[in-house]
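Remember, predicted model here, so these are calculated numbers, not experimental data. Every number for a ligand or one of its atoms is a count from 1 in the order of the listing. Keep in mind that the numbers below use all heavy atoms, side chains included, and drop hydrogens, waters and symmetry copies.
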Amino acid sequence: MKIAIIGTGYVGLTTAVVLAYLSHQVAAVDKDTHKLKLLHQGKSPIHEPGIQTLLDEVGHTLRFTPSVAAVVPEAELILIAVGTPPKKNGEADTRHVEQAAREVAEVCHPHRHYTLVVKSTVPIGTNRRVAEVVDEVFATRGIQGNVSVASNPEFLQEGLALQGAFYPDRIVVGAHCDDAIDALRRLYQPLLEQTFDPPSAFPRPEAYHLPPMMTTDPSSAEMLKYAANTFLALKISFINEIAGLCEKVGADVTEVARGIGLDTRIGPRFLQAGLGWGGSCYPKDTAALLGVAAQSAYEMPITEAARAVNFRQREVIVEKLRAAFKRCCGAGVTIKGKTIGILGLAFKPNTDDVRSAPALDIIRCLVAEGASVRAHDPIAMPNAEMALDGTAVDFREDVYRLSHEADALVLVTEWDVYHKLELRKLAKQMRMPILIDGRNVYLPQDARDAGFYYVGVGR
Ligand code: UDX
């Protein structure tokens with residue numbers, strides 16, 4: 001099929017590469033000249049495991065252009081994958097989605113049928129609004145036009161985006177008309193039936209079952225995307241709330257999570273206590289859901305609480321650090337003047353994304369309290385430096401150099417490299433071997449045996 005994708009962010013680019021791999025003819029549109037320059041050179045503007053190899057593999061079958069008019073008229077299916085950034089009040093801003101729809105409608109051929117698919121995460125009712133925008137443009141152009149609008153929410157997990165795209169749990173389509181559902185079924189046929197040869201970097205998991213394609217109405221499709229993210233966010237916040245109580249009563253949250261996760265109704269995933277969630281989705285989507293609710297004068301105390309617990313975790317970690325200094329160095333000792341090493345800046349491993357990353361808040365707080373902060377991340381240091389915008393941080397390429405004569409280490413992101421650190425060597429060269437493990441990466445006894453004053457979360 002001939003596909004046009006508007007937007008080459010995480011969702012747009014991943015989708016474009018995968019659909020091109022599945023032998024569709026894909027053209028992706030973006031206005032960002034820097035991104036386009038990289039893409040024209042065959043380079044990925046985002047860090048995502050495997051994406052560069054796949055870009056190389058699909059080569060020129062995937063085209064990139066700044067011009068909607070150059071690709072949309074000939075396309076059968078158009079996917080909108082532009083950003084929906086948060087407004088000041090938390091609601092999602094759908095301006096770019098509407099603008100994309102407008103630009104598409106302006107160049108649609110009057111006598112051809114198109115399926116216009118909203119992939120961006122959007123507030124409930126956006127599909128209806130997109131259909132209105134298209135009709136308004138057609139009315140201005142004095143043409144009838146023939147566009148079916150559908151919702152196809154994306155469940156991409158950064159760091160695992162391509163794995164998730166080739167082997168999805170489900171594909172959700174929200175549409176009122178059969179031709180849009182049919183077009184999307186044809187688009188995803190190779191995934192639904194798993195008829196493609198898996199790329200070498202992404203072999204088909206052994207226990208993988210064919211994914212269902214769920215069809216529903218557009219509003220329910222829009223709603224279920226927010227509901228899915230909010231549910232996962234609150235599952236994490238729930239275990240973090242339990243973690244806090246575990247500390248008070250002398251229980252171990254990792255054992256509690258293991259035990260409740262064995263209940264198939266609960267399941268073991270997303271029960272890792274720690275610094276909680278960041279990234280581009282949970283913070284934004286839970287706020288947007290509350291924005292949608294506020295418009296209907298509807299209270300959502302569970303969602304509110306999930307957010308409150310999540311952001312409290314960042315303060316909890318700094319509090320653990322304050323308490324560790326008091327414990328190890330004396331009641332009057334504070335963070336002021338201490339040298340603190342931050343391990344991990346990305347909001348999670350395998351991405352260079354630092355949006356809403358816990359590390360940024362923690363660093364700002366430590367600097368405000370007068371600490372010297374050193375920071376390390378395998379790939380996210382440039383993005384963190386930009387996001388921290390002048391905050392005094394000493395970025396170090398090497399964890400051992402970072403820890404030299406440091407007073408404490410705070411592990412913020414559970415990158416693989418941090419699992420393999422030589423704890424004994426680290427502890428030895430620190431001025432004060434304090435380790436605050438914000439992701440429960442280490443076994444407390446191992447860290448203590450290596451010489452650390454160790455504090456985890458909920459254990
Ligand atoms: C999420 C959803 O998973 C995805 O379906 C949706 O489309 C976008 O939002 P993403 O933000 O990439 O994806 O990350 P995810 O892997 O879900 O993790 C989010 C955050 O939760 C990370 O900061 C991670 O560290 C944290 N997390 C995750 C925990 O703190 N504990 C856990 O048990 C799991």
Side-chain angles (χ1 to χ4, degrees), residues 9-12 14-15 46-49 81 83-84 92 119-122 152-165 167-172 211 221-222 224-244 253-254 256-258 260-261 266-289 306-307 309-314 316-317 343-362 377 380 411-416 418 437-441 456-458:
Y10 282 93
V11 171
T14 306
T15 308
I46 59 167
H47 179 91
E48 183 59 43
T84 49
K119 241 189 167 346
S120 310
T121 301
V122 290
N152 172 217
E154 175 58 53
F155 300 97
L156 172 157
Q157 237 182 313
E158 283 181 37
L160 298 168
L162 290 162
Q163 181 73 17
Y167 311 110
D169 286 347
R170 77 303 210 185
I171 289 170
V172 174
E222 291 166 338
L224 77 82
K225 168 65 202 256
Y226 280 123
N229 273 359
T230 302
F231 187 83
L232 293 168
L234 74 89
K235 195 173 180 191
I236 300 165
S237 283
F238 172 77
I239 201 66
N240 279 332
E241 185 170 280
I242 293 291
V253 73
T254 59
V256 175
R258 191 158 70 94
I260 63 174
I266 297 174
R269 297 174 67 192
F270 281 69
L271 284 178
Q272 239 172 288
L275 262 163
W277 33 270
S280 69
C281 291
Y282 297 156
K284 181 165 84 75
D285 293 352
T286 49
L289 189 63
R307 287 177 59 80
V309 169
N310 186 63
F311 297 114
R312 184 176 71 178
Q313 286 307 95
R314 302 172 184 197
V316 165
I317 285 295
L343 301 183
L345 297 162
F347 83 96
K348 68 173 194 178
N350 298 320
T351 176
D352 61 352
D353 195 343
V354 298
R355 286 176 288 179
S356 289
L360 303 185
D361 282 345
I362 292 171
D377 189 284
L411 189 143
V412 178
T413 316
E414 66 278 33
W415 282 98
D416 260 358
Y418 302 148
D437 183 357
R439 298 288 180 184
N440 288 342
V441 162
V457 178

What pair of heavy atoms forms the shortest contact from Pro283 to Gly278, and how long is it? CD-O, 3.5 Å
Search all heavy atoms of Ala228 against all heavy atoms of Arg170 and return the closest pair with its distance. CB-NH2, 4.0 Å
Those residues that, when tested against Glu222, pass salt bridge (Lys or Arg N to Asp or Glu O under 4.0 Å) (two or more places apart): none
Take Phe270 and Trp277 through the test ring-ring contact (aromatic ring centres under 6.0 Å, His included) and record every step on the way to the result. CA-CA 10 Å; Phe270 281 69; Trp277 33 270; over 10 Å; no
Residue list, side chain to side chain contact (heavy atoms under 4.5 Å, CB included) with Pro268, at least two apart or on another chain: none
As a test of reading the model: which N/O atoms of the protein lie under 3.5 Å from N/O atoms of ligand 1, and at what distance?
unit_1   : atom_1 : unit_2 : atom_2 : d
ligand 1 : 3 (O)  : Tyr282 : OH     : 3.1
ligand 1 : 5 (O)  : Phe155 : O      : 2.8
ligand 1 : 7 (O)  : Leu156 : N      : 3.3
ligand 1 : 7 (O)  : Leu156 : O      : 3.0
ligand 1 : 7 (O)  : Lys225 : NZ     : 3.3
ligand 1 : 12 (O) : Glu158 : N      : 2.7
ligand 1 : 12 (O) : Lys348 : NZ     : 3.3
ligand 1 : 14 (O) : Lys348 : NZ     : 3.1
ligand 1 : 16 (O) : Gln157 : NE2    : 2.7
ligand 1 : 16 (O) : Lys348 : NZ     : 2.7
ligand 1 : 17 (O) : Tyr282 : OH     : 2.6
ligand 1 : 23 (O) : Gly278 : N      : 3.2
ligand 1 : 23 (O) : Phe347 : O      : 3.0
ligand 1 : 25 (O) : Arg439 : NH1    : 3.4
ligand 1 : 30 (O) : Arg439 : NH1    : 3.3
ligand 1 : 31 (N) : Gln272 : O      : 3.0
ligand 1 : 33 (O) : Leu271 : N      : 3.3
ligand 1 : 33 (O) : Gln272 : N      : 2.8

For Phe238, all residues meeting ring pair (Phe, Tyr, Trp, His ring centres under 6.0 Å), sequence neighbours excluded: none
